[in-house]
Amino acid sequence: MKQDISDIVQKALERLNAKWGVALPDIEVEIPRDEAMGDIATTVAMRLATLCKKPPRIIAEEIIAEIKNNILPPSSSLEKGERDIFDKIAIAGPGFINFKFTQKYFHKGLQSLLEEEHSSLRADIGKGAKIQVEFVSANPTGPLHIGHGRGAAVGSALCNILKAAGYDVQKEFYINDAGLQVKLLGRSVYARYQQLLGNEVPFPEDGYKGDYVEDIAHDIHTREGSRYLNTPFEECGEALTDYSYKMMLAHIGDDLKDFGVVFDNWQSERALHEQGKVESAIHTLRSKGLIYEKDGAVWFSATRFEDDKDRVVRKKDGEYTYFASDICYHKDKLDRGFDTIIDIWGADHHGYIPRIRSVLEAFDLPKEKFRVILIQMVSLLRHGVPVQMSKRAGAFITLREVIDEVGPDITKFIFLTRKADSHLEFDIDVAKEQSAENPVFYVQYAFARISSLFRQAEEKGVSDQGSGIRGEALAPLKENEEILLIKKLLQYPMVFEGAALACEPHRITYYLQELAGVFHAYYYKHRIISDDKGLTLARLGLCRGVKIVLDEGLKILGVSAPERM
RNA sequence: GCGCCUGUAGCUCAGUUGGAUAGAGCAACUGCCUUCUAAGCAGUGGGCCAGGGGUUCGAAUCCCUUCAGGCGCGCCA
């Protein structure tokens, strides 16, 4: 729909520009707010006004005349051409050009949806460009919490969108398996293990206090018995630490899997060190004169770029910082040949962005290739009361608990009903108890209703398959609600494109709710299966179109599309 | 103190990258099940888009400023 208008207007503009001789602006096309104004509109005349130094309405008139006289197929006959595609082309307001399509146009649009199915809903924006999205990347020092869940839902949906938009997408989880935090987990497990066996060693200050730490200790005891009892941490710490974080990592992987999120690659931070990549990246910076020593530590001159402070890469104790691995990691990602790398972070890490951008600049890597999506905090509520979350104290609600209690579909859908960068209130009881009022069911119910229709049609021996919804078969669709519904279906590609370009999955969520709404209204008002076979087939065709688009959208969100409810 | 984000209906949030008379879902109130799933439909009420200034044909959207809230500003990750 958008493409058709863009093409037609583009042709008209190119012809007219022989006379104007200006730099043509992009043709922006939008859905008018009010249905009555038209099906689609362009603002290009207003944009041209300053360029051509003419009033926008005059320009709009010229464009319309050009379209009617010289562009529209199949002949120069204005009446005929207009009848095939447009009911009306009109100027409105300050210079909008509003297009109103014919029923025939909508029938054809539905027909190509039915013929091409999902492929007609995707686009080739990416043209095979390699893009990598890194998300979740939770420290393997504890279970995933609800904030990670939001990141997982958004990241996964975004990847689905980008794939459908023709990008070659890789989903990556970065494992922070180096550094102090995993060591602290090891110490915590060590202490619990000793305590379990009656050796009351002190629990580390700021250690991880969650029950899962004891679980790991128990697990080690059942597998390996008491062999580490009274062994100093210096001797067995490494083994315990390794075991512990790998265990956590396995749990994280399981949680994600049950949430319906899978990764293509798990990149270990340790591996970067072991392969000498961290050292070599720092070395490269040093050779560029961007590394210096001060106070016994090694620093990166980030202030030469856009950061407001220089940053330590190697601590006084000789250990590399997390930032050092991150320097290496981001360079490495681009070295791996990705055209774009997207990092999805918790919004509390926003201060980190200038640092990484500085790094890319330091390596002469184009920083436009690096994009960050920030995920705002989730406030978890129970009965409208905030649940306080503190990881260190061990008092928090895990993603696992939420999935078990509320279910993955509802959880994901709620995460995806808001822009990533805006706060989200997640009330477990509202999500669960009022599940009938939950928007996810509204959308799924539309899908289930249609599925039910097809089952019944089949029982009555009516099938839209085989008999073929082609050519004139869709002509009986004449009701307002039917045209409205087709129009909604044909808007999907516009919404999808917008979601892909802006990296905003929530647009799909909103669209699906609207589509379901239009469908429910239609379903209530008009009977699909009737004695009129031609009409029944046409309406089933329309329903199949809705089903295809609902299916596509739900797949992108990672939410199931049930045949029955 | 500096930086980033947020402020839209009673509540939770959208708002097509600057477009037309500001939108949805809850909540409230009215109706609709002998008809393909009422997890549904139809309708009513509800707004100084935090306040103020600016930019232009046009601002919830961009710039400046004030106020309010959140988050950062480690040789943690």
Side-chain angles (χ1 to χ4, degrees), chain A residues 28-34 37 41 43 46-47 49-50 55-57 92-96 98 137-139 141 176 178-182 184 206 269 294-299 308-309 311-317 319-323 325-326 346-354 374 376-377 379 384 417-419 421-427 430 434-442 444-446 448-457 460 491 494-495 497-499 501-502 504 506-507 509-511 513-514 516-517 519-530 536 539 564-565:
Chain A
E28 293 194 15
V29 165
E30 59 187 43
I31 307 294
R33 192 162 295 165
D34 188 349
M37 297 191 280
T43 58
M46 290 180 278
R47 294 185 175 279
T50 35
R57 291 184 67 104
F96 290 93
N98 290 330
S137 300
N139 282 350
T141 53
N176 304 133
L180 292 178
Q181 295 303 325
V182 284
L184 187 58
D206 292 331
E269 181 187 355
K294 193 182 87 182
D295 303 333
V298 180
W299 299 71
D308 51 4
K309 279 179 190 167
R311 306 291 174 177
V312 172
V313 294
R314 194 167 195 167
K315 296 180 265 182
K316 222 186 293 185
D317 65 7
E319 296 280 316
Y320 283 110
T321 58
Y322 173 81
F323 177 54
S325 355
D326 237 12
D348 52 339
H349 288 69
H350 67 261
Y352 210 77
I353 297 174
L374 295 175
Q376 268 297 349
M377 305 273 151
S379 339
T417 45
R418 285 175 190 26
K419 234 178 350 189
D421 197 16
S422 79
H423 291 266
L424 171 69
E425 282 199 0
F426 190 103
D427 192 313
V430 172
Q434 300 191 352
S435 59
E437 316 264 326
N438 205 296
V440 65
F441 292 110
Y442 187 75
Q444 289 181 320
Y445 184 51
R449 262 187 164 171
I450 294 171
S451 305
S452 165
L453 284 171
F454 282 109
R455 285 192 295 271
Q456 288 180 53
K460 293 190 178 170
Q491 284 171 12
M494 290 177 69
V495 174
E497 191 186 321
L501 292 174
E504 290 184 347
H506 76 278
R507 296 194 192 192
T509 318
Y510 274 88
Y511 169 84
Q513 294 182 69
E514 286 167 18
F519 171 74
H520 285 308
Y522 169 58
Y523 174 91
Y524 185 80
K525 191 157 177 188
H526 300 286
R527 200 177 168 81
I528 310 299
I529 300 170
S530 65
T536 302
R539 288 184 169 171
R564 292 168 208 272
M565 284 177 76

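What you see is a predicted model, and the numbers here were worked out from it, not measured in a lab. Residue numbering restarts at 1 for every chain, and letters A, B, ... go by the order of the sequence lines.
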Base partner of B/C29, which must satisfy Watson-Crick or wobble distances under 3.5 Å: B/G43

Taking the side chain of A/His520 as its heavy atoms from C-beta onward, which of B/G19, B/C36, B/C41 lies nearest to it? B/C41

Partner of B/C4 by Watson-Crick or G-U wobble geometry, both contacts under 3.5 Å, or none? B/G70

Could you tell me whether A/Asp317 and A/Arg314 have a side-chain N and a carboxylate O separated by less than 4.0 Å? no

What does B/U16 pair with, Watson-Crick or G-U, if both distances are under 3.5 Å? none

Which residues share a ring pair (Phe, Tyr, Trp, His ring centres under 6.0 Å) with A/Tyr511, sequence neighbours left out: A/Tyr492

Pairwise C1' distance, B/G74 and B/G19 [rounded to whole Å]: 47 Å

What residues form a ring pair (Phe, Tyr, Trp, His ring centres under 6.0 Å) with A/Phe96, not counting sequence neighbours? none

Under 3.5 Å, is there a donor-acceptor pair linking the side chains of A/Gln456 and A/Ser452? yes

Ring pair (Phe, Tyr, Trp, His ring centres under 6.0 Å) involving A/Tyr352 - partner list, sequence neighbours excluded: A/Trp345

In chain order, what residues pass the side-chain contact (heavy atoms from CB on, under 4.5 Å) check against A/Ala92, with sequence neighbours excluded? A/Asn98

Extract from the structure each pairing of a protein N or O with an N or O of nucleotides 2-4 of chain B at less than 3.5 Å, listing the distance.
from	atom 1	to	atom 2	distance (Å)
B/G3	N2	A/His350	NE2	2.5

Distance, P atom - from B/U44 to B/A24, rounded to whole angstrom: 11 Å

Applying the Watson-Crick and G-U wobble criteria at under 3.5 Å, what pairs with B/C36? Answer none if nothing qualifies. none

Provide the Watson-Crick or G-U wobble partner of B/A59, both distances under 3.5 Å; none if there is no partner. none

Quick one: do the A/Ser325 and A/Glu269 side chains pair a donor with an acceptor below 3.5 Å? yes

Would you mind building the protein contact string for nucleotides 9-16 of chain B? One character per nucleotide, 5' to 3', B for base within reach (heavy atoms under 4.0 Å), S for sugar-phosphate only, - for untouched. ---SSSSB

